[in-house]
Every structure is written in C-alpha cells, then in structure tokens.
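Basis for what follows: all heavy atoms, side chains included, without hydrogens, waters or symmetry-related copies. The structure presented is a predicted model; accordingly, all values stated were derived computationally and were not measured.
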Amino acid sequence: MPKIFVITYSTYGHINKVAESIVAGLKKAGASVGRYQINETLSDEILAKMHAPAKPDLPVIKAADLPEADGYLFGFPTRYGTMPAQVKTFFDSTGQLWAKQALAGKPAGFFFSTGTQHGGQEATVFTSLPVLAHHGMVFVPLGYSHPHLFDNSELIGGSPWGAGTVANGDGSRQPSEKELELAEAQGEQFAKITSKLTA
C-alpha cells in the first residue's frame, strides 16, 4: 500500500474541493493518504481584503516531511500560467532534499484551478515540471484516460496534464461533477501507478 501525500495551496477553496475527490480516488485504489497544505505567505490583513475564507484545519507541510511519502499530488491555482508564490516558496525550501536527491525516483502529479477556460491550466503544470526534473522525480500525468477529456458539450476543467477546475475570475464557479469525477480518476490512477513503481 503506497503512502501518498496530497499537498495543496488554495486561496478560495476550489483546490481543496478538488482535493477531496483526489483523495477519494487514492483511497479507492488502496493508498494511504497524508493530507497537507502549503503555508500562507500573505498577511491576515491582505487575505481579509481579498475576502479569502479561513484556511482548512490541515497540517502545514514542511520539506522534511516529504521523504516519508512514496508519491505526491500537488494542487494549486495558477498565477499567470505558473505556480503561486506560496508554492514556489515551499519548493525553494527543498534544497537540502535536492542536495541528497532524497526524492529521486518518486512519482508526482498536479491538479489545478484557473479563473478562465484559457487561463493557463496546462501551462501551470508545464512550468512546474523543472522542480520535478531537478529532484529526479517521475511526472505522472492524467493522460487521456477518461471520457470527460473528450467531452465538448460543456466547460470542463482539466487536461491530460491533470485534473482541474475553472473558478471564474470572481471565484463564483464551483468544481463541477465532471471535474470532480476527473479528479477521482486521477487519484485512483496515480495510486495504481505508484504501487507499481514501489513494488
């Protein structure tokens, strides 16, 4: 049974909602799941002005925690087609792990949220891959493994790069049923692949 960490940063809660389905898929495939959030770097004053809700009651991940897991699924919203500063700050703290190549060979994947349909869902993952490459980690995409990725009848976040949601610029759109089904499928698939890699 692989141990997989689901690690998120979410300003308005959309990513955390998607993460619930990711976790369901992981558990469906028999994985042990550790659920963490990335530390907030904005002040309470700024968050209040942004009308951001309170953070969930989840432990904050530290770089030293990462070697405990067999694999990782990272979820975060885009910021101009790349990871938010909070996520970059976390990855920048993993230098000692990089020096030891402590994460080399471990699988990792991504899921994401954008404000618009063309807001950088694929670019956000693409620009995050150098972190995995420098750590020697194995990128595990969703691929075209689910029929929803071929469905053009409605707006559906996600891509072969990973599950995703479209929140609207004002955050008014919540993850749809199909987006959550994609997320569950990604979790299940990731757990099965991680099991093979750690066998």
Side-chain angles (χ1 to χ4, degrees), residues 1-10 13-41 55-77 82-113 124-143 145 158 160-164 180 182-199:
M1 176 189 301
K3 185 175 185 179
I4 297 169
F5 285 178
V6 177
I7 303 168
T8 56
Y9 172 75
S10 188
H14 296 78
I15 282 294
N16 289 327
K17 180 66 175 175
V18 176
E20 292 175 7
S21 293
I22 291 277
V23 169
L26 290 168
K27 290 182 175 179
K28 185 177 180 181
S32 170
V33 179
R35 184 71 176 87
Y36 295 89
Q37 63 182 326
I38 289 172
N39 190 48
E40 181 60 81
T41 59
K55 298 295 180 185
D57 185 19
L58 293 170
V60 172
I61 190 73
K62 296 181 177 67
D65 298 326
L66 291 177
E68 299 173 13
D70 299 308
Y72 317 89
L73 282 168
F74 298 99
F76 44 83
T82 189
M83 66 180 69
Q86 293 85 348
V87 179
K88 179 68 163 59
T89 297
F90 170 70
F91 282 133
D92 284 350
S93 75
T94 63
Q96 289 187 342
L97 297 177
W98 166 80
K100 300 174 184 176
Q101 284 294 286
L103 307 180
K106 294 194 176 192
F110 299 95
F111 56 102
F112 37 78
S113 171
T124 301
V125 177
F126 186 75
T127 55
S128 300
L129 293 182
V131 173
L132 304 190
H134 281 254
H135 277 287
M137 300 170 78
V138 180
F139 174 50
V140 180
L142 176 59
S145 60
W161 296 78
L180 296 178
L182 273 175
E184 183 171 340
Q186 181 178 5
E188 183 176 4
Q189 175 181 286
F190 186 85
K192 291 176 179 177
I193 292 172
T194 303
S195 293
K196 291 179 181 178
L197 291 175
T198 57

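Between Ala31 and Ile4, the shortest heavy-atom distance links the atoms CB-CD1, 3.9 Å. Between Phe112 and Gly158, the shortest heavy-atom contact is CE1-CA, 4.1 Å. Closest approach of Leu132 to Ala108, counting heavy atoms only: CD2-CB, 3.9 Å. The heavy-atom pair separating Gly30 from Met1 by the smallest distance is O-CG, 2.8 Å. Smallest separation of non-hydrogen atoms from His134 and Gln101: O-NE2, 3.2 Å.
Inter-residue side-chain proximity for Val87 and Phe74 is flagged as unmet; no heavy-atom pair is nearer than 4.5 Å.
The CG atom of Leu66 lies 8.0 Å from the NE2 atom of His135; values are rounded to the nearest 0.5 Å. For the atom pair CD1 of Ile38 and CD of Gln86, the computed distance is 9.0 Å after rounding to the nearest 0.5 Å. If you take OH on Tyr9 and CG on Asn39, they are separated by 9.5 Å, rounding to the nearest 0.5 Å.
Every residue two or more places apart in sequence or in another chain was checked for a side-chain hydrogen bond (donor to acceptor under 3.5 Å, both in side chains) with Thr41, and none qualifies. For Phe139, there are no ring-ring contact (aromatic ring centres under 6.0 Å, His included) partners two or more places apart in sequence or in a different chain. The salt bridge (Lys or Arg N to Asp or Glu O under 4.0 Å) test applied to Lys62 returns no partner, not counting sequence neighbours. Thr198 is linked by a side chain to side chain contact (heavy atoms under 4.5 Å, CB included) to Pro2, Asp70, Thr194, counting only residues two or more places apart in sequence or in another chain. With sequence neighbours excluded, the residues satisfying side-chain hydrogen bond (donor to acceptor under 3.5 Å, both in side chains) with Lys88 are Asp92. Ser93 meets the side-chain hydrogen bond (donor to acceptor under 3.5 Å, both in side chains) test with no other residue; sequence neighbours excluded. The side chain to side chain contact (heavy atoms under 4.5 Å, CB included) check on Ser128 picks up Phe76, Met83, Phe110, with sequence neighbours excluded. A search for side-chain hydrogen bond (donor to acceptor under 3.5 Å, both in side chains) contacts involving Glu184 returns nothing, not counting sequence neighbours. Scanning for salt bridge (Lys or Arg N to Asp or Glu O under 4.0 Å) contacts around Asp65 gives an empty result, with sequence neighbours left out. In terms of the salt bridge (Lys or Arg N to Asp or Glu O under 4.0 Å) criterion, residue partners of Lys192 (sequence neighbours excluded) are, by chain and number, Glu188. Remark: Ser145 engages Leu142, Gln189 in a side chain to side chain contact (heavy atoms under 4.5 Å, CB included) (not counting sequence neighbours).
For Gln37 (side chain) and Lys55 (main-chain N/O), no donor-acceptor pair under 3.5 Å exists by modelled atom type. For the pair Lys106 (side chain) and Ala69 (backbone), a donor-acceptor distance under 3.5 Å is present.
Two rings, from Tyr36 and Phe90, have their centers 6.0 Å or more apart.
Remark: Glu68 CD is packed, more than 12 non-hydrogen atoms of other residues, nucleotides or ligands lying under 6.0 Å away.
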- Message: Under the criterion side-chain contact (heavy atoms from CB on, under 4.5 Å), I'd like the reasoning laid out for Leu129 against Trp161: C-alpha separation, chi angles, the key distance, then a yes or no.
- Response: CA-CA 11 Å; Leu129 293 182; Trp161 296 78; 3.7 Å; yes

Does Leu73 form a side-chain contact (heavy atoms from CB on, under 4.5 Å) with Leu26? I'd like the steps, not just the answer. CA-CA 10 Å; Leu73 282 168; Leu26 290 168; 4.2 Å; yes

If you look only at distance, which donor and acceptor atoms sit under 3.5 Å apart when one is on a side chain in residues 15-25 and the other is two or more places apart or in another chain?
unit_1 : atom_1 : unit_2 : atom_2 : d
Asn16  : OD1    : Thr8   : OG1    : 3.1
Asn16  : OD1    : Arg35  : NH2    : 3.0

